[in-house]
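Following: one structure in structure tokens, then a few remarks.
Reckoned from all heavy atoms, side chains included, excluding hydrogens, waters and symmetry mates. Small disclaimer: the values here were computed from a predicted structure and weren't measured. We name chains A, B, ... by the order of the sequence lines, and we start the count at 1 in each one.
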There are 2 protein chains.
Amino acid sequence: MNQRKVPDVVIRRLPLYLRTLEILDPDEAPIISSEQLAKLVGTSSGQVRKDLSYFGVFGKQGVGYQIISMRMELRRILKLDQEIRVGLIGAGNLGAALVRYHQKNRVHQPLEIVALFDVDDKKIGRKIADVEVFDIGKLSSIIRNLDIKMMILTFPAANVQQVVDICIASGVKSFLNFVPVSLKVPAEVKLRTSDVTLELQSLAYYT
Amino acid sequence: MNQRKVPDVVIRRLPLYLRTLEILDPDEAPIISSEQLAKLVGTSSGQVRKDLSYFGVFGKQGVGYQIISMRMELRRILKLDQEIRVGLIGAGNLGAALVRYHQKNRVHQPLEIVALFDVDDKKIGRKIADVEVFDIGKLSSIIRNLDIKMMILTFPAANVQQVVDICIASGVKSFLNFVPVSLKVPAEVKLRTSDVTLELQSLAYYT
DNA sequence: TTATGTGAAGAGTTTCACAGCA
DNA sequence: TGCTGTGAAACTCTTCACATAA
């Protein structure tokens, strides 16, 4: 076991390990080796073992890893053994698509999108994939009432930083941002940005 | 100038520099320092200069960088000084949202989405944001005819690898993948995966 | 005997600091 | 003098290889 801070790259690989273990049927083969797991996720056995070593003992030497207990361990580490309430700001095309996508793919996932926010009166009060759209003016109070800890940002506005600041002040701990802007958050808050335009532009280099 | 292979991390930052330079008005101030640019994109001046140093001389020592000529240089490096034809497979919610998003955000961008592909008869022949939906059976011939070099993957199917292989054989050089699967591509092809479910799960760790 | 867990080596990336040019 | 361009140092992440435990 390695008690120093776990690198973000490692944290980002854990859900991939978990997903792979969830696809496997432990009744068929209850145990898997780092080599087999690595092959399935497309990495090396050394990396799998190194990643897991940050969190203590998982497997049996000379044997391998028990699929069922490893799943539970990974869920515990990732805090996916408890419900996490998620909000989404910007109920436009992309926002709606993401909600539907998430609802479809959330097989035993404790990440629950509980509120959407928008400025558009025509959208407020409606539901998208069973999730209500709230007035963004009520952002702060609803974050607190519903105990929202994670926020997805999919709105095309200029005042994103301001909205992010309100979220943080209201208790949001992490953001998945699809808005093409550079945002500042304090160290204890995690921000991940997915910028499709930048991705496409950088891919052009390899064309 | 540094003639060794440019790291992918560097390539991924270039579009961010470019975007920032495109927002600035060169009539106001035609020159920018690495320090100012760094502040705008949220990095350090050293990193800006180091990144640019992979591609030769850009600026004037003691002065800074000319905004207009730096834009042109960056566009040339990223191959954004020529039209690049892009396809998208999977004209569902997410696919349609991405097309609309791209059309809206593509201010002087030479990345043009020229074809959508789907298996659904009801969608084939229709247009989404002015782009025609084609039968996925015609994938190979249309990639060749329209000279598509980049492909966006947003379909929920099991045979993604097979489809990717067809694309590569037909001339596609890079992929932006939103399908939650591990894909294999040869070294000369660039694959970037954006997996919203994995992103959210890894963010849970920081909650 | 087999496959884990982990230090140590290696590779990759960022930061630093300063020489050099306008 | 001011800011770039860039080696070198510092840091981070990955790979390697082997002691260790079942």
Side-chain angles (χ1 to χ4, degrees), chain A residues 1-14 16-17 20-21 24 29-71 73-74 77 182 187 190 202 205, chain B residues 1-14 16-17 20-21 24 29-71 73-74 77 182 187 190 202 205:
Chain A
M1 162 106 86
N2 212 318
Q3 210 36 278
R4 58 183 159 140
K5 197 188 159 294
V6 183
D8 188 57
V9 271
V10 174
I11 298 300
R12 299 180 67 159
R13 280 192 293 264
L14 298 185
L16 194 50
Y17 300 152
T20 307
L21 292 171
L24 296 170
I31 293 195
I32 191 170
S33 70
S34 58
E35 189 66 48
Q36 293 171 298
L37 180 54
K39 203 159 199 175
L40 289 169
V41 308
T43 180
S44 69
S45 64
Q47 182 149 85
V48 170
R49 295 201 301 280
K50 192 70 171 177
D51 285 353
L52 298 176
S53 80
Y54 284 98
F55 306 98
V57 178
F58 277 71
K60 276 203 171 65
Q61 297 199 3
V63 181
Y65 301 89
Q66 259 222 303
I67 291 174
I68 290 176
S69 66
M70 199 175 170
R71 283 182 192 163
E73 276 299 295
L74 287 173
I77 292 164
S182 296
K190 193 76 189 176
S202 68
Y205 179 81
Chain B
M1 158 104 88
N2 213 316
Q3 210 35 278
R4 59 185 159 135
K5 197 189 158 293
V6 184
D8 189 57
V9 272
V10 174
I11 299 299
R12 298 180 69 159
R13 278 191 294 265
L14 298 186
L16 195 51
Y17 300 152
T20 306
L21 292 170
L24 296 170
I31 292 194
I32 190 170
S33 70
S34 58
E35 189 64 47
Q36 293 171 299
L37 180 53
K39 202 157 198 178
L40 289 170
V41 308
T43 180
S44 68
S45 64
Q47 182 150 84
V48 170
R49 294 201 303 278
K50 192 69 170 178
D51 285 352
L52 298 177
S53 80
Y54 284 97
F55 307 98
V57 177
F58 277 71
K60 276 203 172 65
Q61 297 198 2
V63 182
Y65 301 89
Q66 260 223 303
I67 291 174
I68 290 177
S69 66
M70 199 175 168
R71 281 182 191 163
E73 275 300 293
L74 288 173
I77 292 164
S182 296
K190 193 76 189 176
S202 68
Y205 179 82

Between [atom2] of [N] and [atom1] of [X], the distance in whole Å:
{"X": "A/Gln66", "N": "C/dA3", "atom1": "CD", "atom2": "P", "value": "16 Å"}
{"X": "B/Tyr54", "N": "D/dT4", "atom1": "OH", "atom2": "C1'", "value": "16 Å"}
{"X": "B/Asp51", "N": "C/dT15", "atom1": "CG", "atom2": "C1'", "value": "12 Å"}
{"X": "B/Tyr65", "N": "D/dG2", "atom1": "OH", "atom2": "P", "value": "17 Å"}
{"X": "A/Asp8", "N": "D/dT12", "atom1": "CG", "atom2": "C1'", "value": "12 Å"}
{"X": "B/Ile31", "N": "D/dG2", "atom1": "CD1", "atom2": "C1'", "value": "13 Å"}
{"X": "B/Arg49", "N": "D/dG7", "atom1": "CZ", "atom2": "P", "value": "14 Å"}
{"X": "A/Glu35", "N": "D/dT15", "atom1": "CD", "atom2": "C1'", "value": "13 Å"}

With a 4.0 Å cut-off on heavy atoms, is B/Ser44 in touch with a base, just the backbone sugar-phosphate, or nothing at all?
sugar-phosphate

N/O donor to acceptor pairs below 3.5 angstrom from side-chain atoms of residues 35-43 of chain B, sequence neighbours left out:
{"residue": "B/Glu35", "atom": "OE1", "partner": "B/Ser45", "partner atom": "OG", "Å": "3.3"}
{"residue": "B/Gln36", "atom": "OE1", "partner": "B/Ser33", "partner atom": "N", "Å": "2.9"}
{"residue": "B/Gln36", "atom": "OE1", "partner": "B/Ser33", "partner atom": "OG", "Å": "3.3"}
{"residue": "B/Thr43", "atom": "OG1", "partner": "B/Gln47", "partner atom": "OE1", "Å": "2.9"}

I'd like to know if B/Gln61 reaches the base of C/dG20 with its side chain, counting only an N/O donor and acceptor under 3.5 Å.
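Per atom types, the contact qualifies.
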
On the side chain of B/Lys60, is there an atom forming a donor-acceptor pair with the base of D/dG2 - under 3.5 Å, no angle test?
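No.
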
Listed pairs, N/O of protein and of nucleotides 9-12 of chain C, under 3.5 Å:
none

Would you be so kind as to tabulate the donor-acceptor pairs closer than 3.5 Å made by side chains of residues 60-70 of chain B, with sequence neighbours excluded?
{"residue": "B/Ser69", "atom": "OG", "partner": "B/Gln66", "partner atom": "O", "Å": "3.4"}

Go nucleotide by nucleotide along DNA chain D from the 5' end; which of A/Gly62 and A/Thr43 gets its closest nucleotide reached first?
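Per heavy-atom nearest nucleotide, the more 5' residue is A/Thr43.
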
Taking the side chain as everything from C-beta on, heavy atoms only, tell me whether B/Glu73 gets closer than 4.5 Å to B/Phe58.
yes

Under the side-chain hydrogen bond (donor to acceptor under 3.5 Å, both in side chains) test, residues paired with A/Tyr17 that sit two or more places apart
A/Asp51

For B/Arg49, all residues meeting salt bridge (Lys or Arg N to Asp or Glu O under 4.0 Å), sequence neighbours excluded
none

Residues that A/Arg71 engages under salt bridge (Lys or Arg N to Asp or Glu O under 4.0 Å), provided they are two or more places apart
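Scan of A/Arg71 (salt bridge (Lys or Arg N to Asp or Glu O under 4.0 Å), adjacent residues dropped) gives none.
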
Do any side-chain nitrogens or oxygens of B/Ser33 fall under 4.0 Å of OP1 or OP2 in D/dC3?
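Checking B/Ser33 against D/dC3: no side-chain N or O falls below 4.0 Å of OP1 or OP2.
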
